[in-house]
Amino acid sequence: ADVMADPEKVGPFVYKLIKSGQYRCWEWTLENLTRELDAHPEVKYTVMLPIWPNQTFEEYWAASKLEDRIIPFTTCVLDMDIADMCEKLRKDIARGAKGLKLHPTIQNVPLDDPRIEAAVRVFTDADLPVLTHCGANAYYTDDDPRSKESNPMFSDFQTAVVPFCHKWTNTKIIVAHSASCCEVLYEGVKDLDNVWTDTSMCSAALMRKAVELLGEDKVLFGTDVPFGSFHYSVAELIKAFGDQPEILDKVGY
C-alpha cells in the first residue's frame, strides 16, 4: 500500500509485477501443472483458459489428453473470417471445449466487436459459459511493443463489462476476478441472474463478502494460476468456509 501511494515508486513496482507474471507464464509447463495438482489432491480439476494469439484451444485440448484433470476452454482466433471463426468454435465445442475465454485487453478488442459478439452467440446457443477478464490493468511495460497493441480500458468494469453483461442476458457470463470487488459487481449486475464471478486473488474475507452479496451459487473457486497459486487459494477458501461445509462445497466445486 505504501508503494502504490507513492507515484515515484508505483511505476517500477508495477513493472516488476508485470515481468514476474510473464516469467510465471513461461514456467507454467504441463509437468509443473501436474506436479501442483498432485500436491493439492483437493483440486480435482483445473479449467485452462487460452488467450489467442498467445495460446490456442489445440494446445490445451492436447494437454487435456495427457492430463485428464484439465478442462479446456477455447478462444477466438480473431484473424479469421467471422464465419470461419464461428465454425471453428463449434468444432472446438464438439472436441470438448467447455466454455469461451475472452480477454479484451490482451486481445486488444472490445467486447462489442462484431467478432466477439458472433463468438458469444455460438456459446449462448450451446448453453456454455463465456468468461471474460475484468480489470483495466496493464500487461506490458511501456518499452514492450505489445503495450501499443493492448487497451486496458477494453476490460474496464463500468464502461465495458457491465454493459456486456446487460446485453447478453441469455448467456452464462463469468466475470473473472470480480469477487475481489464484489460490492461494485453487485451494484452493476444485481438485477441479472446470468452472471457469476470467481475467487481468484481473493482473501477469505473477500470470499465471504462475495457470497454474502451474490450468493453461494454465483461464486466460483478460482486461482488465476500461474499468477495466483493453488496453495494460497485453497487455504483461503478453507479459512473462509471451513465451518460451513455446504457453502465450501458449492464454491469449491
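Only heavy atoms go into these numbers, but all of them, side chains included; no hydrogens, no water, no symmetry mates. One-based numbering along the sequence shown. Please read all numbers here as calculations on a predicted model, not as lab measurements.
Between the side chain of W196 and the backbone N or O of D217, at least one donor-acceptor pair lies under 3.5 Å. Judged by distance alone, with hydrogens and angles left aside, the side-chain atoms of S229 form a donor-acceptor pair with the main-chain N or O of Y232 at under 3.5 Å. A donor-acceptor pair is defined here as one N or O able to donate and one able to accept, closer than 3.5 Å; such a pair exists between the side chain of E236 and the backbone of A204. No donor-acceptor pair under 3.5 Å is formed between the side chain of N151 and the backbone N or O of V109. In this structure, S147 contributes its side chain and D144 its backbone to a donor-acceptor pair below 3.5 Å. With T223 contributing its side chain and V225 its backbone, the two residues share a donor-acceptor pair below 3.5 Å. For E187 (side chain) and V184 (main-chain N/O), no donor-acceptor pair under 3.5 Å exists by modelled atom type.
You'll find the side chain of K250 stays beyond 4.5 Å of the side chain of I247, heavy atoms only. Side-chain atoms of S20 and F227, non-hydrogen and from C-beta on, never get closer than 4.5 Å to each other. Between I116 and L102, some side-chain heavy-atom pair lies under the 4.5 Å cut-off. Looking only at side-chain heavy atoms (C-beta outward), V43 and H40 come within less than 4.5 Å of each other. The shortest side-chain heavy-atom distance between L214 and Y186 falls under the 4.5 Å cut-off. Counting heavy atoms from C-beta outward, T197 and K218 have side chains that stay 4.5 Å or more apart. At a threshold of 4.5 Å between non-hydrogen side-chain atoms, the residues M153 and T159 count as touching. Counting heavy atoms from C-beta on, the side chains of S178 and C134 come closer than 4.5 Å.
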| message | For M207 and L237: C-alpha separation, side-chain torsions, deciding distance, then whether side-chain contact (heavy atoms from CB on, under 4.5 Å) applies. | response | CA-CA 7 Å; M207 292 181 191; L237 180 71; 4.1 Å; yes
| said: For F164 and V175: C-alpha separation, side-chain torsions, deciding distance, then whether side-chain contact (heavy atoms from CB on, under 4.5 Å) applies. | reply: CA-CA 10 Å; F164 176 75; V175 181; over 6 Å; no
| request: Step by step, work out the side-chain contact (heavy atoms from CB on, under 4.5 Å) result for W28 and E36. | output: CA-CA 10 Å; W28 195 240; E36 285 292 303; 3.5 Å; yes
| field | E149 vs R146, salt bridge (charged side-chain N to carboxylate O under 4.0 Å, His left out): CA-CA, chis, key distance, verdict | value | CA-CA 5 Å; E149 302 170 357; R146 290 170 294 184; over 6 Å; no
| task | May I have the step-by-step check of side-chain contact (heavy atoms from CB on, under 4.5 Å) for E59 and M48, ending in yes or no? | result | CA-CA 10 Å; E59 291 177 86; M48 299 287 286; over 6 Å; no
| message | Under the criterion salt bridge (charged side-chain N to carboxylate O under 4.0 Å, His left out), I'd like the reasoning laid out for K190 against E183: C-alpha separation, chi angles, the key distance, then a yes or no. | response | CA-CA 10 Å; K190 61 185 176 182; E183 292 177 337; over 6 Å; no
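In this structure, the separation between CG on L33 and CG on L37 is 4.5 Å, given to the nearest 0.5 Å. In this structure, CG on L248 lies 9.5 Å from CZ on F221, to the nearest 0.5 angstrom. Rounding to the nearest 0.5 angstrom, the gap separating the NZ atom in K239 from the OG atom in S203 is 7.5 Å. Here the OG1-CG distance, from T171 to L192, works out to 11.0 Å after rounding to the nearest 0.5 Å. The OG1 atom of T132 lies 11.0 Å from the CZ atom of F157; values are rounded to the nearest 0.5 Å. Between the CZ atom of R208 and the CD atom of E216 there is a distance of 14.5 Å, given to the nearest 0.5 Å.
Other residues, nucleotides and ligands contribute at most 12 non-hydrogen atoms within 6.0 Å of the CD atom of E246. The number of heavy atoms from other shown groups lying within 6.0 Å of NZ (K88) is above 12. H166 NE2: more than 12 foreign heavy atoms inside a 6.0 Å radius.
Hydrophobic clustering (ILVMFWY, side-chain heavy atoms < 4.5 Å, transitive): Y45 and V234 are in distinct clusters. Transitive grouping of hydrophobic side chains (ILVMFWY, heavy atoms separated by less than 4.5 Å) brings V219 and I173 into a common cluster. Connection of L220 to V251 is not established within any shared hydrophobic cluster, with ILVMFWY side chains joined at heavy-atom distances below 4.5 Å, either directly or through further cluster members. Clustering ILVMFWY residues whenever any of their side-chain heavy atoms sit less than 4.5 angstrom apart, transitively, puts F241 in a cluster other than the one holding M201. Placement of V130 and M85 within a single hydrophobic cluster is found when ILVMFWY residues are connected by side-chain heavy-atom separations under 4.5 Å, directly or transitively.
Salt-bridge annotation for E27 and R24: absent, with no side-chain N of the basic residue lying under 4.0 Å from a carboxylate O of the acidic one.
Note on ring orientation: taking the six-membered ring where Trp is involved, the planes of Y23 and W26 are perpendicular (angle over 60°, cut-offs 30° and 60°).
Residues E42 and Y253 share a closest heavy-atom pair of O-OH, 2.7 Å. The two residues I70 and S64 have their closest heavy-atom pair at O-CB, 3.7 Å. Of all non-hydrogen atoms in A97 and L128, the two that sit nearest each other are O-CD1, 3.8 Å. Considering all non-hydrogen atoms of both residues, I51 and I106 come closest at CG2-CG2, 3.8 Å. The heavy-atom pair separating S200 from H177 by the smallest distance is OG-ND1, 2.7 Å. Closest approach of W168 to N194, counting heavy atoms only: O-ND2, 2.8 Å.
Side-chain contact annotation: T105 with S155, donor-acceptor N/O pair under 3.5 Å present.
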Result block: side-chain N/O donor-acceptor pairs under 3.5 angstrom for residues 71-81, not counting sequence neighbours:
residue, atom, partner, partner atom, Å
T74, OG1, D92, OD2, 2.7
T75, OG1, W52, N, 2.9
T75, OG1, Q107, NE2, 3.3
D81, OD2, A83, N, 3.0
D81, OD2, D84, N, 3.4

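Note: H133 and F154 fail the aromatic proximity criterion, with ring centroids not under 6.0 Å apart.
A side chain to side chain donor-acceptor pair (under 3.5 Å) with R69 is found for one member of D38, T34, T46 and no other, namely D38.
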